[in-house]
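None of these values were measured; they are calculated from a predicted model. So that the names make sense, note that chain A is the first sequence line, chain B the second, and so on, each numbered from 1.
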Amino acid sequence: MCWRHEDVRVRQRQLEQWFVRVTKYADELLDSLNDQKGGWPDRVITMQRNWIGRSKGAEVDFKIDGEADKTIRIFTTRIDTIYGASSLILAPEHALIAELIECGKASDELKTFVEQQSAIEAADRMAEGKEKLGVFTGMYAINPFNQAKLPIWTANFVLTSYGTGAIMAVPAHDERDFEFSSKYGLPIPRVIVANDFKGDANEPLTEAFTPKDDKCTVINSGEWSGKPVPEAIAAMTAHAEANGFGTSQTNFKIRDWGISRQRAWGTPIPFVHCAKCGIVPVPEDQLPVALPKDLDFASKGAPLAEHEGFVNVTCPTCGAAARRDTDTMDTFVDSSWYYFRYVDPKNEKLPFDPAIAAYWTPVDQYIGGIEHAVLHLIYTRLWTKIMRDLGLLTFGEPVKKLLTQGMVTLASYRCATHDWIYPTEVIDGKCKFCSQPPTVGRIEKMSKSKKNTVDPDEMIRIYGADTVRLFMLFAAPPEKDLEWSEAGAEGAARFLNRVWRIIYKWNDRVNFKFEIQNLEFTDAARALRRKTHQTIKRVTTDIAERMNFNTAVAAMMELTNELYAFDATVKDAATDADKFAVKEAIEALVKLLAPFTPHIAEELWASLGRDEVVVSSRWPAYDAELAKADELEIPVQINGKMAAKVIVAAEISDDDLKAAVLADAKVQAKLADKQIVKTIVVPKRLVNLVVK
RNA sequence: GCGAAAGUGGCGGAACUGGUAGACGCGCUAGACUUAGGAUCUAGUGCCGCAAGGCGUGGGGGUUCGAGUCCCCCCUUUCGCACCA
């Protein structure tokens, strides 16, 4: 039924459509996934690999008994098990079944079965409890390897759209065949055993035995008996090829990409249909084909097809009256290469200048949701390879690094009388309409139907864009889902207020030029400077190398806390050196904050009396010397357990460190009657004493 | 069923190559300031215990001087694929 008109039944129709031959690139799409390792999340690579679904096997022809000129071609990845085949099974849509029905040889049972199955759509057929159902066709096939006579069945679990739409059932070595053959009483002969198998191979199996490796051997298979499985597969495929009844074959799950759409908005497919010349491409000088601006959307059919001026053209080849193709392309076509157009958006002649694309692309860092893992991100890889083969690009992989960001989630609430209610409608744990406590659902992707949403505009109105942004960056690493939290947003606002206050407290004192060489820093001022330079370092690497914005924000919070501590220490008696240290910290903080909270950062920068804007200022550099600690707190372990801590100079040698540890009173007390067997010194990090 | 990712305080999360588990924030506790504050500042906050101390990264084994991190088995959760022969 139509989802918009409940009384309108939807029918399937055959349409002539345009396809992109993905299968031609399937091998490369799969193999070059290996180059993406490290830059792309493993799960995206795995999802694409499964989606492409390459499987190597063989096609084998079985003659039909009594009809010498007819064969059934099956696809198998396990030709080594062909002596274990006890039936052939065809998809209900298989041509041979249709033929049987047509020439009246089909039983009533078979006819009914096929009718029933074809009434159920493929997707639903799998959903129907997956019960395997089948019917014997009355025919037999001859196994080309041993001339065994096998019954031909049809069954719902054999897919018409994969392989040849026909299989050989080897119940002993395939779970599905086992289930089916057990149900219908077909024989289950074993032809594979583990190398260390000791029992009786004629004993009935309780489940299918399916390993495919050289730890298994072929048995009961004539001249092939005794061969390891991989060897048997190769040899038996070669045998089939040599005798003309088989061939090696690779199949893919991925299908060619149907790009035709019958909607008005989209890129027109640039072909013309001519009665004499057939399908003719629109000549290059007439490209691109533009959509007409005066479409009639009230017309009955597709608006483009109804538009006479668009449809009626002359054939580019013979000049006769012809008809323009009225399909438009899938929007995935556009998203497959938009970023290449970005680098040369005004080009009138080409999609983009290859030289410009060579300079700017491939994309260094791409960000998108996981929902694009197998559609957009396969299509764009495919499109890049096609453009490479057209000479537009010099590479086949468009995206070096991929980040799949998480979604914003929230718990949902359901009231017994008011159904789903918004989080804002829960007051003190009760539904605001009826004061009943609602059921708290799981934390999940925000959705309108479950009302577990927050309105971003509303949040921005309350907290400001900077705060909302900062909270989202702080709450979790970008690839993880993020639970929206109003308390968390308030925490972000509080932090920005803290930054604002401490800067405003100091900005009139630090707003002048200092002569650094004349300054004497106190320990506290040196500590603040150290924190400043450590923070610059951390934030820089967290952004640039690790993409961990949450830890970058944490580092800036630490610097702010340090500023407050310093402020409390110096009170109003700040020396020029103190002011310099604060000025250095504030400047760094504002610059580091700018990518996270651009608006407030500009305001603060202006408050420091700067003419330039912070976005065009230079990213701060850190001084490794100043970032270095001058004292270290070294943990001391005894037999690997924490025993004490010693404070030592930063540049201590291993021997001095060991001596300092042994001189420590707490360590000595714990060592009283023990003997040190071994001492492990991790330079400047840890000392572990092994004692007995 | 197959495949992937993940399990760390009351909560969100830190811990980069095996080296002080719990950074930072939320929440909570106490104090200060205040007419008041859900503002702000200061201190505390993994668990058990008065303490000394003990226990702690889903559970169980292992490797190692040392394991949240590495290896094996199991459990749970989330996601993807789901009769692809």
Sugar-phosphate, base or nothing in reach of A:Gly488, heavy atoms under 4.0 Å: nothing
Which part of the nucleic acid, if any, lies within contact of A:Ser485, taking any heavy atom under 4.0 Å across all strands shown: a base, the sugar-phosphate backbone alone, or nothing? nothing
Where do N or O atoms of nucleotides 55-57 of chain B meet protein N or O atoms at under 3.5 Å, pair by pair?
from: B:C55; atom 1: OP2; to: A:Lys641; atom 2: NZ; distance (Å): 3.4

Answer yes or no: is there a donor N or O on one side and an acceptor on the other, between the side chain of A:Gln405 and the main chain of A:Gly369, under 3.5 Å? yes
With distance as the sole test, does A:Asp481 use its side chain to make a donor-acceptor pair with the main-chain N or O of A:Gly406 at under 3.5 Å? no
Under a 3.5 Å cutoff, is there a donor and acceptor pairing between the side chains of A:Thr551 and A:Asp542? yes
Just checking A:Lys24: does its NZ atom have more than 12 heavy atoms from other residues, nucleotides or ligands closer to it than 6.0 angstrom? no
Comparing A:Arg494 and A:Gly165 on RNA chain B - which has the more 5′ nearest nucleotide: A:Arg494
Sub-3.5 Å pairs of nitrogen or oxygen atoms, protein against nucleotides 19-21 of chain B:
from: B:G19; atom 1: N2; to: A:Gln637; atom 2: OE1; distance (Å): 3.3
from: B:U20; atom 1: O2; to: A:Lys645; atom 2: NZ; distance (Å): 3.0
from: B:U20; atom 1: N3; to: A:Glu633; atom 2: OE1; distance (Å): 3.3

What does the list of N/O pairs under 3.5 Å between the protein and nucleotides 22-24 of chain B look like, with a distance for each?
from: B:A23; atom 1: O2'; to: A:Glu558; atom 2: OE2; distance (Å): 2.8

Assess whether salt bridge (Lys or Arg N to Asp or Glu O under 4.0 Å) is satisfied between A:Arg21 and A:Asp256, documenting all intermediate values. CA-CA 5 Å; A:Arg21 245 172 95 188; A:Asp256 285 331; 5.3 Å; no
Are A:Lys505 and A:Asp567 ion-paired here, with the side-chain N under 4.0 Å from a carboxylate O? yes
Any side-chain heavy-atom pair from A:Phe471 and A:Trp484 closer than 4.5 angstrom? yes
Residues two or more places apart in sequence or in another chain: which of them pass salt bridge (charged side-chain N to carboxylate O under 4.0 Å, His left out) with A:Asp27? A:Arg54
Across all chains, not counting sequence neighbours, the salt bridge (charged side-chain N to carboxylate O under 4.0 Å, His left out) partners of A:Glu490 are none
Between side-chain atoms of residues 676-690 of chain A and protein atoms elsewhere (two or more places apart, or another chain), which donor-acceptor pairs fall under 3.5 Å?
from: A:Asn688; atom 1: OD1; to: A:Gly640; atom 2: N; distance (Å): 3.0

